[in-house]
Novice: 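Here it is: the structure, laid out below.
All residue numbers in this chain count up from 1 along the given sequence. These numbers come from the heavy atoms of this one structure, side chains and all, not from hydrogens, waters or symmetry mates.
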Amino acid sequence: MALSRFWGWFLIHIALFLSLCYAEDPFVFYDFEVTYITASPLGVPQQVIAINNKFPGPTINSTTNNNVVVNVRNKLDESLLMHWSGIQQRRSSWQDGVLGTNCPIPPKWNWTYQFQVKDQVGSFFYFPSLHFQRAAGGFGSFIINNRPIIPIPFDTPDGDIVILIGDWYTRNHTALRKALDAGKGLGMPDGVLINGKGPYRYNDTLVPDGIEYETINVHPGGKTYRLRVHNVGISTSLNFRIQSHNLLLAESEGSYTVQQNYTSLDIHVGQSYSFLLTTDQNASSDYYIVASARFVNESQWKRVTGVAILRYSNSKGKASGPLPDPPQDEFDKTFSMNQARSIRWNVSASGARPNPQGSFRYGSINVTEVYVLRNKPPETIDGKRRATLSGISFVNPATPIRLADQYKIKGVYKLDFPNKPLTGPPKMETSVINGTYRGFMEVILQNNDTKMHTYHMSGYAFFVVGMDYGEWSENSRGTYNKWDGIARSTTQVYPGAWTAILISLDNVGVWNLRTENLDSWYLGQETYVRVVNPEATNKTELPMPDNALFCGALSKLQKPQDVSSSLATSIIEGRSKLFFTVLMIASTLFLVSR
């Protein structure tokens with residue numbers, strides 16, 4: 001009887017104790033085994049990158065302020081880094097998974113990421129950031145749910161569905177990489193995948209028989225589903241649409257939007273959106289889900305179309321007939337840009353915190369530094385075909401920038417990235433932007449290339465305040481949206497046009513600023529923004545993780561196969577120690593209370 005009383009008392013108190021320990025920042029754990037598998041998404045057997053034998057990889061499902069622990073086992077034949085696109089890594093650029101902050105995970109090694117999804121909500125994705133590997137897969141979605149105490153600005157959906165779209169080549173990523181190294185372009189993609197699968201056979205001429213396609217199952221009767229759509233492709237903008245259905249835009253990359261309906265939306269490489277879909281049709285047949293290439297010669301690029309199926313549970317037959325039309329704007333270059341301008345911040349909705357998103361009045365903050373970043377078509381530098389930003393093609397250093405700072409190693413990089421494009425010949429440099437902690441930076445992305453680009457910045461959600469065709473000038477500021485420009489991490493820049501963004505530099509670290517077009521990124525179109533607090537403190541940047549890998553000038557510090565002391569193991573051991581400590585305390589208290 002006494003023993004049963006003890007255990008009842010103990011369990012109540014242990015529950016209370018653990019709830020106090022973990023209520024604010026619980027952990028979620030994932031184990032990623034990254035391997036090659038053979039798949040035939042377009043009917044041709046090829047090598048793809050799988051996670052836990054899945055292509056695409058599993059969804060990471062978390063909640064605001066969770067601590068996310070991902071143990072990555074690299075079973076590829078080349079080094080690996082996983083990047084968490086749009087996850088801000090507050091106070092911890094050590095976990096960002098790009099070469100400026102992390103040494104690569106060698107083949108056959110494992111490394112454990114641990115980071116907090118601090119003050120974030122929304123739809124994101126992850127992918128391997130080295131060696132053109134994203135062209136082979138290794139990507140998956142990353143969801144951050146609202147905490148229960150924070151309302152979302154729409155009714156709870158009846159379902160939550162991830163849709164990963166992207167252009168795809170049947171050549172291996174190593175062959176694509178070799179083509180770029182040889183100074184060649186990639187050519188037209190072989191198709192578009194939807195959730196790792198090829199197109200439904202809507203046309204017997206364009207789509208061969210036997211290709212597996214994706215089916216999204218829903219229920220009729222006015223149910224509402226949240227569709228999280230991500231363009232995880234290489235370089236092709238895609239128009240997304242669902243036959244006979246409106247797409248009610250609700251969120252983009254962590255920001256709730258003003259809700260408005262679209263019959264289709266252009267989704268550029270690296271971008272993510274949440275739509276609310278209502279099952280309000282009569283289900284006379286299945287419906288097409290389409291992702292088709294944009295800003296190309298669409299008559300020649302018809303094969304670059306992904307087609308999946310939306311199936312109501314009471315559907316009366318298969319989808320048939322022509323696909324729903326894409327925007328008819330071949331001679332109207334403003335249509336897509338006006339659509340992009342219409343995507344606005346919901347200033348009255350709560351985000352990750354209870355206060356409205358619009359309580360951060362970005363339009364009234366004084367700009368402290370301005371950078372005009374101009375890109376051009378690839379050019380030859382020292383006999384190599386390279387891509388540039390403002391005349392500089394970035395060279396990744398052997399020692400990551402953040403690691404070089406930590407150990408005060410000189411000569412790894414130059415803190416001299418120019419505010420304006422260089423006027424002389426282009427050059428290859430490890431040139432970094434010197435950001436001012438708590439500054440407010442204006443960046444103008446000027447696209448003088450002939451193709452669409454999207455640009456991403458790690459560590460931040462920036463405000464998209466303006467875009468237009470032509471060359472940006474200081475007079476362009478008169479057109480800026482200073483009230484409800486969307487806050488996001490990836491923005492498009494139309495060919496022959498500019499996009500202006502504002503960034504509040506409140507996150508200490510070294511942060512990647514790059515084109516998301518994988519070919520141009522591979523060829524050097526990126527830089528980093530270094531943000532340092534002059535008063536070093538753990539309140540603004542966490543210490544270097546105990547399991548940090550070493551390379552370059554610090555290679556001698558790396559212990560061979562330092563995988564037995566992985567962070568995940570240490571956390572589990574720590575939890576076990578905590579449990580037994582609490583057990584001892586509880587036992588003592590119980591005996592005292594008697």
Side-chain angles (χ1 to χ4, degrees), residues 59 61-64 86 120-125 141-148 150-165 194-195 214-231 238-268 271-283 286-291 306 308-315 324 327 339-352 356-358 461 484 486-488 490:
T59 294
N61 206 317
S62 64
T63 299
T64 301
Q120 284 192 264
V121 294
S123 309
F124 310 94
F125 66 95
S141 66
F142 195 128
I143 295 171
I144 309 177
N145 300 294
N146 281 67
R147 291 174 290 169
I150 308 295
I152 56 176
F154 44 83
D155 292 336
T156 302
D158 296 292
D160 199 306
I161 297 167
V162 169
I163 301 178
L164 302 170
I165 60 177
I194 299 181
N195 286 348
E214 177 74 339
T215 300
I216 304 293
N217 292 297
V218 294
H219 293 289
K223 302 285 187 185
T224 299
Y225 293 84
R226 182 173 184 170
L227 309 183
R228 301 178 190 261
V229 187
H230 313 266
N231 186 336
L238 298 172
N239 181 264
F240 182 78
R241 55 199 185 273
I242 298 180
Q243 185 180 26
S244 303
H245 289 76
N246 283 324
L247 301 169
L248 182 63
L249 182 64
E251 177 257 336
S252 177
E253 296 161 27
S255 286
Y256 291 117
T257 65
V258 172
Q259 292 177 25
Q260 49 195 331
N261 277 308
Y262 296 88
T263 54
S264 72
L265 189 72
D266 291 335
I267 305 179
H268 308 278
Q271 291 188 327
S272 301
Y273 290 99
S274 282
F275 302 104
L276 300 177
L277 175 92
T278 302
T279 56
D280 54 7
Q281 298 300 301
N282 62 15
D286 295 341
Y287 299 97
Y288 291 126
I289 302 171
V290 183
I309 292 298
L310 180 73
R311 176 168 296 154
Y312 284 47
S313 57
N314 63 340
S315 174
Q339 186 187 63
R341 288 171 176 152
S342 73
I343 299 169
R344 294 176 294 126
W345 211 24
N346 185 338
V347 295
S348 62
S350 297
Q357 292 181 146
D484 60 359
I486 188 70
R488 63 187 313 165
T490 308

Novice: Taking the side chain from Arg147 and the backbone from Thr63, do they hold a donor-acceptor pair closer than 3.5 Å?
Specialist: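 No: the side chain of Arg147 does not pair with the backbone of Thr63.
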Novice: Rounded at 0.5 Å granularity, tell me how far OG in Ser62 sits from CD1 in Ile143.
Specialist: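 Going from OG on Ser62 over to CD1 on Ile143, the span is 8.5 Å.
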Novice: Heavy atoms, side chains only, cut-off 4.5 Å: are Phe275 and Leu265 in contact?
Specialist: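 Yes; the side chains approach each other to less than 4.5 Å.
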Novice: Do the side chain of Gln243 and the main chain of Leu310 share a donor and acceptor less than 3.5 angstrom apart?
Specialist: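 Absent.
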Novice: CG of Asp160 to CG of Asn145: how many Å apart, nearest 0.5 Å?
Specialist: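 Separation between the atoms: 7.0 Å.
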Novice: Okay, side chain of Thr490, backbone of Gln271: is any donor-acceptor separation there less than 3.5 Å?
Specialist: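 Here the side-chain-to-backbone pair does not exist.
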Novice: How long is the gap from CD1 on Ile194 to CD on Glu214, to the nearest 0.5 Å?
Specialist: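 CD of Glu214 is found 8.0 Å from CD1 of Ile194.
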Novice: For Ser315 versus Arg311, what's the shortest heavy-atom pair and its separation?
Specialist: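 Scanning both residues, the minimum pair turns out to be CB-CG, 4.2 Å.
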Novice: List the residues meeting side chain to side chain donor-acceptor pair (under 3.5 Å) with Ser274, not counting sequence neighbours, and say none if there are none.
Specialist: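 Partners of Ser274 by the side chain to side chain donor-acceptor pair (under 3.5 Å) criterion, ordered by chain and then number, come out as Ser123, Arg226, Glu251.
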Novice: Could you tell me whether the side chain of Arg228 reaches within less than 4.5 Å of the side chain of Ser141, counting heavy atoms only?
Specialist: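 They are not in side-chain contact.
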Novice: Taking salt bridge (Lys or Arg N to Asp or Glu O under 4.0 Å) as the definition, give me every residue that meets it alongside Asp158, ordered by chain and number, with sequence neighbours left out.
Specialist: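 Salt bridge (Lys or Arg N to Asp or Glu O under 4.0 Å) check on Asp158 returns nothing, list empty.
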Novice: Determine yes or no for a side-chain-to-main-chain donor-acceptor pair under 3.5 angstrom, with Gln357 supplying the side chain and Asn346 the backbone.
Specialist: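 It does hold such a pair.
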Novice: Set out, in order, the CA-CA distance, both residues' side-chain angles and the distance that settles side-chain contact (heavy atoms from CB on, under 4.5 Å) for Tyr288 and Ile309, then state yes or no.
Specialist: CA-CA 5 Å; Tyr288 291 126; Ile309 292 298; 4.2 Å; yes
Novice: Atom CG in Leu227, atom CD1 in Ile289: separation rounded to 0.5 Å?
Specialist: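 Reported to 0.5 Å precision, the distance equals 7.5 Å.
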Novice: As an exercise, state the distance from OG of Ser350 to CG of Asn146, rounded to the nearest 0.5 Å.
Specialist: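 If we round to the nearest 0.5 Å, Ser350:OG and Asn146:CG are 8.5 Å apart.
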Novice: So, using salt bridge (Lys or Arg N to Asp or Glu O under 4.0 Å) as the criterion, who are the partners of Arg488 when residues are at least two apart?
Specialist: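 Residues passing salt bridge (Lys or Arg N to Asp or Glu O under 4.0 Å) with Arg488: Glu253.
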Novice: Using side chain to side chain contact (heavy atoms under 4.5 Å, CB included) as the criterion, list what pairs up with Gln281, not counting sequence neighbours.
Specialist: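 For Gln281 the side chain to side chain contact (heavy atoms under 4.5 Å, CB included) partners, ignoring immediate neighbours, are Ser244, His245, Tyr287, Tyr312.
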Novice: Output the distance between atom CD (Gln120) and atom OG1 (Thr64), rounded to the nearest 0.5 Å.
Specialist: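 Result: 8.5 Å between the selected atoms.
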Novice: Checking the side chain of Asn61 only, and the main-chain atoms of Ile144 only, is there a donor and an acceptor separated by less than 3.5 Å?
Specialist: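 Not confirmed, Asn61 side chain does not pair with Ile144 backbone.
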Novice: Could you work out, with side chain to side chain contact (heavy atoms under 4.5 Å, CB included) as the rule, every residue matching Ser313, not counting sequence neighbours?
Specialist: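 If we apply the side chain to side chain contact (heavy atoms under 4.5 Å, CB included) test to Ser313, skipping adjacent residues, the hits are His219, Pro220.
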Novice: Taking C-beta and beyond as the side chain, do Phe240 and Ile163 meet within less than 4.5 Å on heavy atoms?
Specialist: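 Phe240 reaches Ile163 side chain to side chain.
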Novice: Would you say that Val121 contacts Ile150 through its side chain, given a criterion of any heavy-atom pair below 4.5 Å between the two side chains?
Specialist: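 Result no, sub-4.5 Å side-chain heavy-atom pair not found.
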Novice: Between Ser264 and Asn239, is there a donor-acceptor pair closer than 3.5 Å when you use the side chain of the first and the backbone of the second?
Specialist: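 Checked: no pair found.
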Novice: What residues form a side chain to side chain contact (heavy atoms under 4.5 Å, CB included) with Asn246, not counting sequence neighbours?
Specialist: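 Asn246: side chain to side chain contact (heavy atoms under 4.5 Å, CB included) contacts with Asn261, Thr263.
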Novice: side-chain contact (heavy atoms from CB on, under 4.5 Å) with Tyr273: which of Thr257, Ile267, Leu247?
Specialist: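 Among Thr257, Ile267, Leu247, the one that satisfies the side-chain contact (heavy atoms from CB on, under 4.5 Å) with Tyr273 is Ile267.
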Novice: On a heavy-atom basis, which atom in Phe154 and which in Ala250 lie closest, and how many Å separate them?
Specialist: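 Reported closest heavy-atom pair: CE2-CB, 3.8 Å.
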Novice: Just by modelled atom types, is the Leu277 backbone N or O under 3.5 Å from a matching donor or acceptor in the Thr224 side chain?
Specialist: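 Not confirmed, Thr224 side chain does not pair with Leu277 backbone.
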Novice: Strictly distance-based, threshold 3.5 Å: is any side-chain N or O of Ser272 a donor or acceptor partner for the main-chain N or O of Asn231?
Specialist: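 No; judged by distance alone, with no hydrogens or angles, the pair does not exist.
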